[in-house]
Amino acid sequence: MPFQIFLNMHMMWGLLLIFFVLALALPRQVWPVVLLRLFYLVMIVSGVGMLIALQFPLFYIVKGLLAFVLIGMIEMVLARRKKGAVSPVQWGVLLILLVLVPLMGYQVIYF
Ligand code: HEM
């Protein structure tokens, strides 16, 4: 598949953010979580597709790994929040990754 298709898919990352906020705001609703998980898949498939097309540059490998940690943190927060057991450090890590991963995607942060 051409790179551009994966990039267009990847540009929908804002929807992932929206469904995360909705999942937090509507804890008794299941659909925001279902759609959120669908968008994890969209991001992972398109991200890996671009990684292959770009021939695995180290910078984007690191960005991809951080994105996987971000997805893990989102899932952890959604699971623990019902028990009220999310620590400030866990929230902090999630928020930092939520800023860092898109900034790396747009190469505002680059190495
Ligand atoms: C929560 C998940 C993710 C978020 C929020 C995210 C965010 C972004 C953003 C904002 C960009 C800039 C381009 C755009 O989409 O407009 C980008 C680019 C990129 N992302 Fe992600 N990403 C995520 C997951 C991943 C994963 C899992 C991988 C790889 C395994 C990956 C690989 C890439 C690559 C290779 C680019 C570079 C595209 C280019 O050359 O312009 N991303 N990402």
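All ligand and atom numbering here is 1-based and tracks the order in the structure.
- Close approach to Met43 involves these atoms of ligand 1, each under 4.0 Å from a residue heavy atom: 3 (C), 4 (C), 6 (C), 22 (N), 23 (C).
- Looking at heavy atoms from C-beta onward, Leu98 lies in side-chain contact with Leu17 at the 4.5 angstrom threshold.
- At the shortest separation from atom 1 (C) of ligand 1 among protein heavy atoms lies Leu70 CD2, 3.8 Å.
- Proximity of Met104 to ligand 1, defined as any heavy-atom pair under 4.0 Å, is not found for any part of the residue.
- Taking backbone and side chain together, Gly105 holds no N, O or S atom under 2.8 Å from atom 21 (Fe) of ligand 1.
- Put simply, the side chain of Phe68 reaches to within 4.5 Å of the side chain of Ile44, judged on heavy atoms.
- Residue-to-ligand polar distances keep Trp13 apart from ligand 1: every N/O pair is separated by 3.5 Å or more.
- Ligand 1 places these atoms under 4.0 Å from at least one heavy atom of His10: 6 (C), 8 (C), 15 (O), 17 (C), 18 (C), 19 (C), 20 (N), 21 (Fe), 22 (N), 23 (C), 24 (C), 25 (C), 31 (C), 33 (C), 42 (N), 43 (N).
- Taking the six-membered ring where the residue is Trp, Tyr110 and Phe59 present tilted rings, their angle falling between 30° and 60°.
- Set against the non-hydrogen atoms of Leu51, the atoms of ligand 1 under 4.0 Å away are 29 (C), 30 (C).
- The atoms of ligand 1 that sit less than 4.0 Å from any heavy atom of Met50 are 19 (C), 20 (N), 33 (C), 34 (C), 35 (C), 36 (C), 38 (C).
- The aromatic rings of Trp31 and Phe19 sit perpendicular to each other, their planes meeting at more than 60°, with 30° as the lower class boundary.
- At the top of the distance list for atom 41 (O) of ligand 1, counting protein heavy atoms only, stands Leu7 CD1, 4.0 Å.
- For atom 16 (O) of ligand 1, the nearest non-hydrogen atom of the protein is Met11 CG, 3.1 Å.
- When hydrogens are left out, the protein atom nearest atom 2 (C) of ligand 1 is Ala67 CB, 3.9 Å; that is the closest non-hydrogen contact.
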### Task
Evaluate the side-chain contact (heavy atoms from CB on, under 4.5 Å) criterion for residues Tyr40 and Ile74: first the C-alpha distance (whole Å), next the side-chain angles of each, then the deciding distance (0.1 Å), finally the verdict.
CA-CA 10 Å; Tyr40 297 156; Ile74 291 176; 3.2 Å; yes
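- Looking only at heavy atoms of the protein, atom 29 (C) of ligand 1 is closest to Gly47 C, 3.4 Å.
- In this structure, the protein non-hydrogen atom closest to atom 39 (C) of ligand 1 is Phe3 CZ, 3.8 Å.
- Regarding atom 7 (C) of ligand 1, its nearest protein heavy-atom neighbour is Lys63 NZ, 3.8 Å.
- With a 4.5 Å cut-off on side-chain heavy atoms, Val42 and Leu15 do not count as touching.
- Listed by number with element, the atoms of ligand 1 under 4.0 angstrom from any heavy atom of Val48 are 29 (C), 30 (C).
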### Task
Evaluate the side-chain contact (heavy atoms from CB on, under 4.5 Å) criterion for residues Leu94 and Val86: first the C-alpha distance (whole Å), next the side-chain angles of each, then the deciding distance (0.1 Å), finally the verdict.
CA-CA 11 Å; Leu94 190 154; Val86 186; over 6 Å; no
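- Looking at heavy atoms from C-beta onward, Leu54 lies out of side-chain contact with Phe6 at the 4.5 angstrom threshold.
- Contact of the Met104 side chain with the Phe111 side chain is registered, since non-hydrogen atoms from C-beta on lie closer than 4.5 Å.
- Of the options Phe6, Tyr106, Phe68, Tyr60, the smallest heavy-atom separation from atom 34 (C) of ligand 1 is shown by Tyr60.
- Atom CD of Gln55 sits in a sparse spot, with 12 or fewer heavy atoms from other residues, nucleotides or ligands closer than 6.0 Å.
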